[in-house]
K.L.:
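Here you go, one structure.
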Amino acid sequence: MLRQYELVDKVLAYDPVADEALINRAYVYATKMHGNQLRHSGDPYFSHPIEVAGILTDLRLDAATIITGLLHDTIEDTEATPEDIASLFGGEIAGLVDGVTKLSQLEWDSEDAKQAENFRKFLLAMSNDIRVLLVKLADRLHNMRTLHHVPKEAKRRRIAQETLDIYAPLAGRMGMHEFREELEDLSFQVINVEARQAIEVRLEDFRSESGDVIERIRSQILSLFEGTDLDIEVRGRQKRPYSIWRKMQSRSASLEQLSDIFAFRVLVADEADCYRALGVLHRRWPSVPGRFKDYISTPKNNGYRSIHTTIVGPEQKRVEIQIRTQNMHDVAEYGIAAHWIYKNPDAQKSDDAYVDTFGWLRQLVEMLEHGSSAEEFLEHSKLQLFSDQVFCFTPKGMLINLPRGATALDFAYAVHTKVGDTCVGCKINGRHLPLRTPLANGDEVEIVRSKAQRPVPIWEGYVVTGKARSAIRRALRQEQLEEFTLLGRQMVRSIFEAAEKDAADGIVERALGSLGYADLDELFGAVGEGLLSAHEILEHVYPASKKGKPRKKAKVRSVDDADPLNAKPLVRLRGVERGHAIRFAKNTFPLPGDRIVGIITPGEGVIVYPISSPKLEAFDGETDRWVDVAWEVPGADAETFTSRLSIRASNEVGALGSISTLIADYDGNINNMTLAQRDVDFYDMEVDVDVRDLKHATRIINALKGLSVVNAISRV
Ligand code: MN
């Protein structure tokens, strides 16, 4: 365990102006707060935050980050509160500790590999300060280094798997390859003991056969540069068992390829020297085609720069070589953490290319320092930090990732189309909110469902995701087709009955082939949609009926004159406004009780008109299209219909008030009102009132006629 003065010295070595007193205070505070808590290893608990702080000094991070490392478990595991931390160490550190605490509370327990990528993105999106993630990664690295002390194997495996799924790729995403490799290899030791041992054994064999290959090749490379004016350093290393294993898995190769086991780095002074060194190497040893990559002229997205080449080198063995400057090397190893190294002006190198490439890193630091919002930070950073997405949870903790602006309804469809189709409401973080509510990062969304629910057209305006929109459209279309089919079936039956013919399915089916329909549903659907006439079917099934008497127009009826002995009405109207196959003609407001008639309209189904509508004249010559419709007698669930009233009222004080009071007294609900014309003496208006039926509307109209301020009134 690092002693207090050792830790302080490590920080001062790269940051001479660091707040020494504050680091000391945090060290003492952490040891005091963790008191005699113990780790599985038997060490005092406080050794853990101190080691985490130590790892962070290896990354040469600023004092605030080092102190956050020391304090990172105090809120979670001790009596300390965020307020304590703020008053003792200031707002910046309190914010960082709070951020790490929040990340630690996110349990990762999904078995689903696809979820892992989402979770990583979520961690990134939740960390509004990149230092929070760096502390979290250092925390995980130390826990992995000490994982063998955890007694339960299941727990060790869970933590190792989580590290492999979440934290190692996250470190890689941030360009911290050194971290990533160590995390991977520590996980590998737990998850696949046998495989790792097998590789160790093979490596040992290899070493005893070939001796110290690394040193031999290293000195050969070095000697190649003798007599040039290039100032180079050569480092050779054996790759970690996990990366060797992964490479073997992906290529099912054996360990014989030297280039799969060892990697060499040639470090030079500046960018120009990288290319000169490459020239020296390639003149001496042939390069392997297809293995040359120039990430200096085209850096990777995360800022990584190097030249990669594989040569057929000393002893005729393939050797992988990376050529880079020290600056490029630091960034390759420490990624995003590397920018702190160069924050200190003394450490700033005069490598212009470096400054350009990592300008974005400095920009990022500036934004952090000027306290811009998380949003802005995410937007500007060139890491893929997903500012265009939101990450939300199901109550069971499954992570759902959606584009920014997505609503609870999008969420429901993202979980499953069935969930979307049947949702009636939602709770966001425990509160009932409308389905069209836009979601924020970290929201927990619970969808309330009902089997009876079906998508309604207005939902299309509530969603932003293509998946939800197409699911809604599909469901609406499906519902429409079902209604067309139902309607068509009723129409066919009615026509057959009028001709006194049998309309059993087995008989109607005879028309399928000659009319070109696959099945009865499709046939009836075409009739309901107005694409095929029911008479045509009758003529196909019973050719003789062609020469029948000319048909009469459909009968017109209403509830009032409904005669139980009469033939059944063809179409019963209920919930017409929400239906797809039957609807009222535009700007007509018939009420149950009104005399109505339907006109079958290709592509739209049945359009219902009041019998008094002048528009009906247009259909006089097309008796085939007239459909006998009737109101369904209103049930207990008393649906309401809109009745539009045209009223001429006196222009006097209180006129509007008494009209609206009276409508309310009669249990009518005004849902809209337009003032058409205003005069000195009177004004004309149109009032839309929700009523149950014609009788209800008539009662309201009669009552309004009794008001002295009402001069004239009629239904539109
Ligand atoms: Mn910890």
Side-chain angles (χ1 to χ4, degrees), residues 1-2 4 7 10-11 23 26-59 61 63-82 84-85 88-89 93-109 119-120 122-124 126-127 129-152 155-168 170-171 174 176 179-180 182-183 186-187 190 337:
M1 184 177 80
L2 276 177
Q4 191 170 338
L7 180 69
K10 283 187 90 169
V11 179
I23 299 172
Y27 191 105
V28 173
Y29 185 77
T31 51
K32 191 184 95 191
M33 293 310 287
H34 287 292
N36 42 25
Q37 293 172 352
L38 292 180
R39 300 268 291 170
H40 283 298
S41 58
D43 291 337
Y45 191 91
F46 55 75
S47 64
H48 164 66
I50 290 166
E51 291 302 330
V52 170
I55 292 170
L56 293 167
T57 62
D58 292 340
L59 299 174
L61 293 171
T65 314
I66 305 301
I67 291 169
T68 303
L70 288 170
L71 303 177
H72 81 273
D73 276 332
T74 52
I75 294 181
E76 178 105 356
D77 295 336
T78 78
E79 307 276 279
T81 66
D84 296 342
I85 304 289
L88 286 166
F89 301 98
I93 289 168
L96 291 171
V97 173
D98 187 51
V100 180
T101 307
K102 284 205 177 101
L103 289 193
S104 305
Q105 283 161 351
L106 294 167
E107 269 283 313
W108 168 250
D109 56 4
F119 196 80
R120 283 194 293 276
F122 178 66
L123 287 177
L124 280 169
M126 287 296 279
S127 314
D129 189 317
I130 207 73
R131 292 175 293 179
V132 167
L133 267 182
L134 294 171
V135 175
K136 184 65 203 163
L137 286 173
D139 174 42
R140 177 53 58 124
L141 182 57
H142 184 249
N143 284 335
M144 286 303 297
R145 284 178 182 170
T146 54
L147 189 63
H148 55 279
H149 292 299
V150 172
K152 282 189 188 147
K155 189 176 179 192
R156 285 201 303 274
R157 292 187 74 93
R158 185 182 65 74
I159 293 173
Q161 191 65 50
E162 181 184 76
T163 302
L164 210 53
D165 287 344
I166 306 296
Y167 293 99
L170 194 57
M174 293 166 74
M176 302 168 69
F179 257 60
R180 195 199 71 207
E182 189 177 351
L183 287 171
L186 289 165
S187 306
V190 175

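In listed order, ligands and their atoms are each counted from 1.
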K.L.:
In degrees, rounded to 10 degrees, what angle do His72 atom NE2 and Asp73 atom OD2 make at the Mn ion (ligand 1)?
P.N.:
80°

K.L.:
Is there a donor-acceptor contact under 3.5 Å from the side chain of Ser47 to the main chain of Asp43?
P.N.:
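Judged by distance alone, no pair lies under 3.5 Å.
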
K.L.:
Could you check whether any side-chain N or O of Arg156 sits under 3.5 Å from a backbone N or O of Val190, counting only pairs where one atom can act as donor and the other as acceptor?
P.N.:
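Judged by distance alone, no pair lies under 3.5 Å.
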
K.L.:
Pair Ser187, Thr163 - check side chain to side chain contact (heavy atoms under 4.5 Å, CB included), show working.
P.N.:
CA-CA 7 Å; Ser187 306; Thr163 302; 3.4 Å; yes

K.L.:
When you measure from the Mn ion (ligand 1) to the N, O or S atoms of His142, does any of those distances fall below 2.8 Å?
P.N.:
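No, since none of the N, O or S atoms of His142 sits under 2.8 Å from the Mn ion (ligand 1).
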
K.L.:
Could you identify the N, O or S atom of Asp139 positioned closest to the Mn ion (ligand 1)?
P.N.:
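Nearest to the Mn ion (ligand 1) within Asp139's N, O and S set: OD1.
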
K.L.:
Are Thr57 and Ile66 close enough, and set up right, to give a side chain to side chain contact (heavy atoms under 4.5 Å, CB included), and what steps lead you there?
P.N.:
CA-CA 7 Å; Thr57 62; Ile66 305 301; 3.6 Å; yes

